[in-house]
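To keep things clear, I will list the structure first and then write my remarks on it.
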Number of protein chains: 2
Amino acid sequence: MNGNDSSTTRRRSDATRGAILLAARERFAADGYERATIRAIAKDAGIDPSMVMRYFGNKEGLFASAVTVDLKIPDIGSLPRHEVGRALVAHFLAMWEENEVLTALLRVGATNQAGAERMQGIFRDQLLPVALTVCPDPEQSPARAGLVATQLLGLALTRYVLRIPPAVELSREEIVAWLAPTLQRYLTAPSP
Amino acid sequence: MNGNDSSTTRRRSDATRGAILLAARERFAADGYERATIRAIAKDAGIDPSMVMRYFGNKEGLFASAVTVDLKIPDIGSLPRHEVGRALVAHFLAMWEENEVLTALLRVGATNQAGAERMQGIFRDQLLPVALTVCPDPEQSPARAGLVATQLLGLALTRYVLRIPPAVELSREEIVAWLAPTLQRYLTAPSP
DNA sequence: TTCGTAGGCCAACAAGTGTTGACTCATGGC
DNA sequence: GCCATGAGTCAACACTTGTTGGCCTACGAA
C-alpha cells in the first residue's frame, strides 16, 4: 500500500492495471455500461474478474478510472476570433477519432446517470470556459456553449454511435467546412 | 386467432396490450434497452411478465412493437423555400416534447444495434425525402440530410438525454431562432 | 535460504434476467 | 346451463451478472 514512490518504482501490477483500463475503455465504447460486463473486460485483459474488483473496488469505480476525459482544447484566445469555429470542429474531430474514451462516455451517458453527469461536468469545466473567453457578452456564454455542444455531440452521435451512413461518409474536411460557420455563429454572432 | 374483424371487434385483451406498450415506451425512454426489464414493464402495466411474452414473443418483439416512429413531417414542398429550416426545427421540437418514443429510440439506439438500425431507417425513409425535395442538387441530398440529422439529434441528445443545463434551459423560441438558419444553410446553401 | 507479501486464480454466492409450461378463472356463443 | 376458448397467474428453468473470500504461487528483501 506504499504509494509514495509510485513515480519511480514500477510495480508489477501496473501492467495488468493498464490492461484492464484499456480493455474497459474498449468495451464501454463498444457496448455501453450495462453490456460491458466485468467478465468480458477481464477476459480481454487476460486476467481473472476478481482482479478488477481488487484494483477498482466495483464496476462504478472501474468506469470512473477508465473513462477520464481531457479535451485538450488549445488556447483559443491566441487565435483570430473568426477562426475559432473552424479550430474547434477540427480539434474535436481529431480528438474523437484518436480516442475511444469519448465514444465510451457518449454511449454510457445515454443510459447511465453517472455517465450523463460526467458529461455535464466536462461541458462545464472544459467547453464553457472557451465560450467565456470568446463570446462578446459573458452573460450569454452558457447558452452559446450549449448550442455548440448540440452540434458537436450531434455530429459524434450520428457519426460514431448511430453510424447514419451519410454522416459516416462525410470527409473530415467536408465536416469542418460545413460546421465551422455554425459554431462560429453560435459563439460570436449577435443573438437572433 | 381470427383477426379478420379486428377493426370492428374490440377484444378484451386490447386494453392490456395497450397498457404494456405504454409502460414499455416509458421504461425504454427512461432506462434504455438493457435496464428496461420485462418484469418492471409488466409491473407498471399491472400484469404478469409472462403476458408480455404471450403478446410480443420476446423482448426484441416488444421493443419493435412499442417503438415505432412516425415523424409526421408536414408537406415541406408547399412552404416558401427559405422557411424550411425554421419549420423543420419547430416541428421536431414539438414532436420531441409530446412523444416519449423519440427519447426511447435515442437512448436505445446508443447502446443497441437494433435500435441504431431503426434510427438509420427513420433517417432514410422520413428525413432524407425532405432533403430530396428541398435541396437544389439531388446528388448532395444525403450529405445535407445527414448534416441536418447531426444538428437535430444533437439537440435532442443534449436537451432530453444528457440534460446539459444550458441546453435544457433554452426556450423553444430561442432554439428555433438559433437552429433555423443552421438547417436552412445545410439544406439550401451552396456547398462551402 | 527463508519468509512475508503482493499478485493472481478458483469456486461460489445471491440477486436478477429472459423465458417457459402448467394451471386457474372468467366469459360469451350454443 | 354448458363448455371451448381466451385472459391471466404462478412457479420454476437456465443463465448471467456483480461481488466475495479462500487459496496458491512467485518474488524480493533479510
Side-chain angles (χ1 to χ4, degrees), chain A residues 1-6 8-24 27-28 30-67 107-108 111-115, chain B residues 1-6 8-24 27-28 30-67 107-108 111-115:
Chain A
M1 286 294 181
N2 55 344
N4 52 355
D5 57 349
S6 62
T8 58
T9 304
R10 214 158 281 177
R11 286 196 308 280
R12 191 159 45 102
S13 63
D14 288 352
T16 26
R17 234 188 114 90
I20 294 174
L21 290 175
L22 183 65
R27 285 283 177 177
F28 283 133
D31 297 336
Y33 190 81
E34 331 287 333
R35 292 184 34 223
T37 70
I38 288 189
R39 281 174 164 86
I41 293 168
K43 177 178 274 188
D44 287 359
I47 45 89
D48 190 87
S50 62
M51 285 285 90
V52 179
M53 313 305 294
R54 207 203 253 315
Y55 287 150
F56 302 100
N58 55 24
K59 193 177 179 179
E60 273 190 52
L62 172 63
F63 175 74
S65 299
V67 177
R107 275 226 164 83
V108 173
T111 43
N112 185 279
Q113 183 59 24
Chain B
M1 282 295 180
N2 55 345
N4 53 356
D5 57 350
S6 63
T8 58
T9 304
R10 215 158 280 177
R11 285 197 308 280
R12 190 158 47 101
S13 63
D14 288 353
T16 27
R17 234 188 114 89
I20 293 174
L21 289 174
L22 183 65
R27 284 284 176 176
F28 283 132
D31 297 336
Y33 190 80
E34 331 287 335
R35 291 183 36 221
T37 70
I38 288 190
R39 281 175 166 85
I41 292 168
K43 177 179 273 187
D44 287 358
I47 45 91
D48 191 87
S50 62
M51 283 285 91
V52 178
M53 314 305 294
R54 205 203 254 314
Y55 286 151
F56 302 100
N58 54 24
K59 192 177 179 179
E60 272 190 53
L62 172 63
F63 174 75
S65 299
V67 177
R107 275 226 163 82
V108 173
T111 44
N112 184 279
Q113 183 60 25

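Chain letters run A, B, ... following the sequence lines, proteins first, then strands; residues in each count from 1.
For B/Thr16, a side-chain nitrogen or oxygen approaches OP1 or OP2 of D/dG8 to under 4.0 Å.
The closest donor-acceptor contact from the side chain of B/Lys59 to the backbone of B/Ala36 lies under 3.5 Å. Panel note: side chain B/Arg35, backbone A/Thr111; a donor-acceptor pair is recorded below 3.5 Å.
Closest contact between the side chain of A/Lys59 and the listed nucleotides C/dC10, C/dT20, D/dG18 involves D/dG18. The nucleotide whose nearest atom lies closest to any side-chain atom of B/Met53 is, among D/dC10, C/dT19, C/dC9, C/dT19. Closest contact between the side chain of A/Arg39 and the listed nucleotides D/dG18, C/dC9, C/dG21 involves D/dG18. Of the listed nucleotides (D/dT9, C/dT19, C/dC9), C/dT19 has the atom at the smallest distance from the side chain of B/Ile38.
Along DNA chain D, the nucleotide nearest to A/Thr37 and the one nearest to A/Gly57 differ in position, and the one closer to the 5' end is contacted by A/Thr37.
Put simply, the side chain of B/Arg54 and the base of D/dG8 share a donor and an acceptor less than 3.5 Å apart.
The aromatic rings of A/Phe28 and A/Phe63 stand perpendicular to each other, their planes meeting at an angle above 60°, with 30° marking the opposite boundary.
Rounded to an integer number of Å, the gap from A/Asp31 CG to D/dT17 C1' is 15 Å. In this structure, A/Arg17 places its CZ atom 15 Å from P of C/dA6, rounding to the nearest Å.
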Test side chain to side chain contact (heavy atoms under 4.5 Å, CB included) on B/Val67 and B/Val108 and set out the steps.
CA-CA 10 Å; B/Val67 177; B/Val108 173; 6.0 Å; no

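The residue A/Tyr55 sits close only to the backbone: its heavy atoms come under 4.0 Å of sugar-phosphate atoms, none of a base.
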